[in-house]
Amino acid sequence: MQEEKWHPPLQTRPWWKLKTIVHWPIVASQRKRLSWVQLAGHKGSFKAGEEGTILKKFCENEKLCFERLRGDVLQPFVPGYHGVVEREGENFLRLTDLIGDFDGPSVMDCKMGVRLQHRGSLVSLCLFSFKMPPCRTYLEEELVRARERPKLRNDMYEKMLEVDSEAPTPEEHEQRAVTKPRYMQWRETLSSTHTLGFRIEGVKRPDGTCSTDFKRTRSKEEVIQVFRDFVAGNINIIKTYLKKLEEIRKILGSSEFFMTHEVIGSSLLFIHDHTEKAEVRLIDFGKTTALPEGQTLNHQVPWEEGNREDGYLWGLDNLLQLLNSLAKE
Ligand SMILES: Nc1ncnc2c1ncn2[C@@H]1O[C@H](COP(=O)(O)OP(=O)(O)OP(=O)(O)O)[C@@H](O)[C@H]1O
Ligand SMILES: O=P(O)(O)O[C@@H]1[C@H](O)[C@H](O)[C@@H](OP(=O)(O)O)[C@H](OP(=O)(O)O)[C@H]1O
């Protein structure tokens, strides 16, 4: 495997994350060179696997999710899970490479879910006396940790500055750091997570260039424009995506896994190519956790600390509505 740093053209430079393109070796029977790209997430989390698979850095929680997904109606809509493998002393989850069957694919990562918080709640009073409305897509445990043992993050302060030098409060400027929930909350209010319940994280185009500069893509019109560009104006592809999403929406309604898990930070991966073949899959279960025995979620009602709602279906319904309006153009 040859792994190389990707240097994007200036107009598509990512905001701050280093993205990786992993080139698979040429497979004799295939004659085509496949390249895989990581559009979001932690740098260095992935390695090439064998026979149409990728290796994702081991996470116990994610492994448990893939095991529980076996036999659930949702299983066909998530990457195939092929167990844990060791490479150079490190463990990885072996997953089906979802873009492997496409020819020069276009790929989009949409992070799903939101947690709207009532103003004046305990958490907002304790933690978030800042200038944005309260909202989040991270685990409740992270809030509790930040409240009890606030850990100041200079890296997140720097990421914040890069986008808006006026975003940090005077106190944050002084300490040159912010807490993680504060950063995540700020990050979400900037994007469509807050208003639509999902946000675009990254896009790969057929020519191999990528954009991850969607932190400020917030309004319906802006999101629609990104989708329009993503399919290069091909409404047939939007119609196929709509069918796939409607199917996923239906399946989620009957999935035991979905009903009994808090789905945080998971994405929908959109993939299509020049043949108009298109697929949507659910990825990233690193922060998806099982609810206590007997508890279920509705995935649409607003989040309040303790109810563990994730807003997944609210985001999905907004996404469906938005693509429906694009399909009618
Ligand atoms: N099974 C897959 N097939 C093809 N591409 C994938 C697959 N899983 C992940 N990717 C690519 O890797 C990116 C990151 O994936 P993922 O969200 O699982 O990583 P992560 O490090 O857990 O992210 P985060 O830090 O947001 O939790 C996706 O945006 C996508 O481009
Ligand atoms: O996309 P950005 O703006 O770069 O911000 C990162 C993103 O929100 C990741 O989801 C998060 O990892 P987790 O989902 O695992 O919490 C990471 O936290 P981290 O730096 O603590 O890993 C953030 O830095």
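We use all heavy atoms of the structure for the numbers below, so side chains are in, but hydrogens, waters and symmetry mates are not. Treat the numbers as computed from the prediction; the structure is a model and nothing was measured. Both ligands and their constituent atoms are indexed starting at 1 by order of listing.
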Min heavy-atom dist M156 to ligand 2 below 4.0 Å: yes
In terms of side-chain geometry, is the basic nitrogen of K277 or E279 positioned less than 4.0 Å from the acidic oxygen of its partner? no
Short question: side chain of E309, backbone of N298 - any donor-acceptor pair under 3.5 Å? yes
So ring pair (Phe, Tyr, Trp, His ring centres under 6.0 Å) across residues 201-239, not counting sequence neighbours, yields F227-F270, F230-H272
Main-chain N/O of P181 paired with Q185 side-chain donor or acceptor, under 3.5 Å: no
Plane angle bin for H299 and F258 - parallel if under 30°, tilted between 30 and 60°, otherwise perpendicular: parallel
Taking only heavy atoms of K111, which atoms of ligand 1 are found under 4.0 Å from at least one of them? 26 (O)
How about NZ on K220, more than 12 heavy atoms from neighbouring residues, nucleotides or ligands closer than 6.0 Å, or not? no
Per-atom contacts, ligand 1 versus D97 - under 4.0 Å to a heavy atom: 3 (N), 4 (C)
Answer side chain, backbone, both or neither: which part of M160 comes under 4.0 Å from ligand 2, heavy atoms only. neither
Under a plain distance cut-off of 3.5 Å, with no hydrogens placed, do T289 and R308 share a side-chain donor-acceptor pair? yes
The reported gap from CG in L55 to CG in D97 (rounded to nearest 0.5 angstrom) is 10.5 Å
Any luck finding a side-chain donor-acceptor pair between Q225 and R228 under 3.5 Å? yes
Quick test of your reading of the structure: of G41, G44, G49, whose heavy atom lies closest to atom 23 (O) of ligand 1? G41
Distance (rounded to the nearest 0.5 Å) between L95 CG and I283 CD1: 9.5 Å
Which bit of K57 gets closer than 4.0 Å to ligand 1, counting heavy atoms only: side chain, backbone, both or neither? neither
Run the salt-bridge test on E201 and R187 with the 4.0 Å N-O cut-off and return the result as yes or no. yes
Would you indicate which of M184, E188, K180 comes nearest to atom 16 (O) of ligand 2 when only heavy atoms are counted? K180
Scan side-chain atoms only and decide if S211 and D213 contain a donor-acceptor pair under the 3.5 Å cut-off. no
Under 4.0 Å to a heavy atom of P79 - the qualifying atoms of ligand 1, by number: 1 (N)
To atom 20 (P) of ligand 1, the nearest of E201, K56, M108 on a heavy-atom basis is K56
For atom 30 (C) of ligand 1, which candidate among L269, T212, L93 holds the nearest heavy atom? L269
For ligand 1, is K287 a contact, meaning one of its heavy atoms is under 4.0 Å away? no
If you count the atoms of ligand 1 from 1 in the order shown, which ones are under 4.0 Å from a heavy atom of T96? 1 (N), 2 (C), 3 (N)
Would you mind listing which atoms of ligand 1 come within a distance below 4.0 Å of any non-hydrogen atom of D109? 28 (C), 29 (O)
Measuring from atom 24 (O) of ligand 2, which candidate in K151, K159, E162, R153 has the nearest non-hydrogen atom? K159
Inter- and intrachain pairs under side-chain hydrogen bond (donor to acceptor under 3.5 Å, both in side chains), touching residues 317-328, at least two apart: R249-D317
Whether E50 and R94 form a salt bridge (side-chain N of Lys/Arg under 4.0 Å from carboxylate O of Asp/Glu) is what I want to check. yes
Answer with yes or no whether the side chains of S267 and D284 bring together a donor and an acceptor at under 3.5 Å. no
Atom indices of ligand 1 within 4.0 angstrom of V37 heavy atoms, with elements: 11 (C), 31 (O)
For the 3.5 Å polar cut-off, considering only N or O atoms, please tell me whether K111 and ligand 2 meet it. yes
In ligand 2, which numbered atoms sit nearer than 4.0 Å to a non-hydrogen atom of H42? 12 (O), 13 (P), 15 (O), 17 (C), 19 (P), 22 (O)
Examine ligand 1 and decide if any of its atoms is less than 4.0 Å from a heavy atom belonging to S45. yes
Checking the N or O distance criterion of under 3.5 Å, is ligand 2 in contact with K287? yes
Going by the order shown, which atoms of ligand 1 are within less than 4.0 Å of some heavy atom of I283? 9 (C), 28 (C)
Can you check whether R187 has an N/O within less than 3.5 Å of an N/O in ligand 2? yes
If you measure every N/O of G265 against every N/O of ligand 1, is any gap under 3.5 Å? no
Heavy-atom distance to atom 17 (O) of ligand 1: which of T53, V107, D284 wins? D284
Any idea which of W36, F285, F46 brings a heavy atom closest to atom 5 (N) of ligand 1? W36
Atoms of ligand 1 under 4.0 Å from any heavy atom of Q38, numbered from 1 in the order shown, are 12 (O), 13 (C), 14 (C), 31 (O)
Would you check the N or O atoms of R199, main chain and side chain alike, for any that come under 3.5 Å of an N or O of ligand 2? no
